[in-house]
Chemist: 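I'd like to ask some things about the structure below.
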Amino acid sequence: MDHAADAHRTDLMTITRFVLNEQSKYPESRGDFTILLNHIVLGCKFVCSAVNKAGLAKLIGLAGETNVQGEEQKKLDVLSNEVFVKALVSSGRTCILVSEEDEEATFVDPSKRGRYCVVFDPLDGSSNIDCGVSIGTIFGIYMMKDNHEPTLDDVLQPGKQMLAAGYCMYGSSCTLVLSTGEGVNGFTLDPSLGEFILTHPDIKIPKKGKIYSVNEGNAKNWDGPTAKYVEKCKFPKDGSSPKSLRYIGSMVADVHRTLLYGGIFLYPADKKSPSGKLRVLYEVFPMSFLMEQAGGQAFTGKQRALDLVPTKIHERSPIFLGSFDDVEDIKALYAAEGKKE
């Protein structure tokens with residue numbers, strides 16, 4: 001990249017301009033979706049700013065149990081959740097919100113109700129805040145099937161019904177990756193402008209990667225196919241080089257690297273978590289949607305991840321996602337296991 005030329009580039013594709021351009025392809029659209037995305041982007045900017053101050057906040061007494069005024073301080077994940085809920089409700093375009101932080105779904109007051117259902121994890125990997133590791137927000141958007149009183153069934157839809165999905169990663173830079181069903185695009189926050197600029201147009205994941213990403217600390221509880229796959233990554237029998245292991249423990253960061261560099265991210269079921277650990281609606285579905293849009297695959301050990309029909313809002317599932325060929329390998333191992341049974 002020619003950074004000197006980029007510094008003088010004046011024709012900036014901001015995320016707002018990008019989404020408006022997409023909207024213009026649908027003459028019948030009323031701009032509701034664009035307004036909703038703008039509110040999500042605002043939430044991401046707020047959380048990005050709060051995350052950047054998190055270390056300092058401790059130092060200057062902003063993150064204690066109570067502050068000078070005697071008000072109780074909120075933990076960052078609780079704060080992020082409130083920001084997103086308020087931003088989404090105030091957009092006037094949502095009817096149901098499902099957040100990782102809230103046990104129950106939020107049904108928006110009829111006076112502020114719109115056609116969209118949003119599922120999100122406001123701050124994924126928040127246990128990593130104190131050590132400066134990248135964390136992020138994950139979101140997915142569904143549309144109400146028709147004009148009726150919203151019910152949980154409107155969000156308990158398979159991932160393939162999602163209209164859009166994305167994540168915002170708060171790391172060395174603040175990156176928002178978004179798909180509205182026509183490819184995947186990455187935007188980076190320019191702090192001097194306060195705008196997300198298109199920096200990664202039309203992201204495509206390599207067909208095969210050199211990296212595998214899994215928590216090997218769980219190895220003793222893995223099932224046969226997962227154990228065989230990881231063994232094959234480390235000791236390939238076909239004379240190829242072993243894969244490198246990279247595991248951050250923050251899903252957004254691990255998936256972001258997988259998307260850009262290729263490879264596979266695994267969070268299998270095991271004896272400790274027989275249904276897997278990651279939540280279907282706001283972790284598995286959005287990330288699987290992005291992977292497929294970028295030319296990769298996502299598999300649960302039994303089926304294509306986006307075909308899964310959730311029955312509870314906080315349901316969990318195993319997940320294997322990443323480069324097309326790497327996911328094919330794990331699918332073959334599960335198929336072979338199935339034949340034995």
Chemist: Would you mind reporting whether V214 and P268 have side-chain heavy atoms less than 4.5 Å apart?
Modeler: yes
Chemist: As a test of understanding, state which of T199, L178, L198, L176 forms a side-chain contact (heavy atoms from CB on, under 4.5 Å) with N185.
Modeler: L198
Chemist: Between F18 and F187, is the ring centroid distance below 6.0 Å?
Modeler: yes
Chemist: I'd like to know if K331 and E328 make a salt bridge, using a cut-off of under 4.0 Å between side-chain N and carboxylate O.
Modeler: yes
Chemist: Side chains of Y167 and D124, heavy atoms from C-beta outward: is any pair under 4.5 Å?
Modeler: no
Chemist: Verify the distance criterion only: is there a donor paired with an acceptor across the side chains of Q23 and T34 at less than 3.5 Å?
Modeler: yes
Chemist: Would you say E101 and V85 make side-chain contact, with heavy atoms under 4.5 Å?
Modeler: no
Chemist: Quick test of your reading of the model: are D329 and K208 salt-bridged, counting only N-O distances below 4.0 Å?
Modeler: yes
Chemist: Can K234 and E216 be counted as an ion pair, charged N to O under 4.0 angstrom?
Modeler: yes
Chemist: Going through the checks in order, is the side chain to side chain donor-acceptor pair (under 3.5 Å) test met by T137 and Y282?
Modeler: CA-CA 10 Å; T137 299; Y282 42 80; over 6 Å; no
Chemist: Salt bridge or not for D32 and R30, using N-O below 4.0 Å?
Modeler: yes
Chemist: Whether the S111 and D109 side chains hold a donor-acceptor pair (N or O, under 3.5 Å, no angle test) is what I'd like checked.
Modeler: yes
Chemist: Is there a side-chain contact between P122 and S99, using heavy atoms and a 4.5 Å cut-off?
Modeler: yes
Chemist: Side chains of D223 and Y334: do they bring a donor and an acceptor to under 3.5 Å?
Modeler: yes
Chemist: Could you check whether any side-chain N or O of S179 sits under 3.5 Å from a backbone N or O of A165, counting only pairs where one atom can act as donor and the other as acceptor?
Modeler: no
Chemist: Can you find a side-chain donor-acceptor pair between Y267 and S213 that sits under 3.5 Å?
Modeler: no
Chemist: Can you list the steps and then say if K45 with S49 is a side chain to side chain donor-acceptor pair (under 3.5 Å)?
Modeler: CA-CA 6 Å; K45 286 179 187 172; S49 161; over 6 Å; no
Chemist: Keeping the roles fixed (side chain from Y229, backbone from L333), state whether a donor-acceptor pair exists under 3.5 Å.
Modeler: no
Chemist: Is the backbone of G249 close enough, under 3.5 Å, to the side chain of D254 for a donor and an acceptor to pair up by distance?
Modeler: yes
Chemist: Donor-acceptor pair, R113 side chain versus V108 backbone, under 3.5 Å?
Modeler: yes
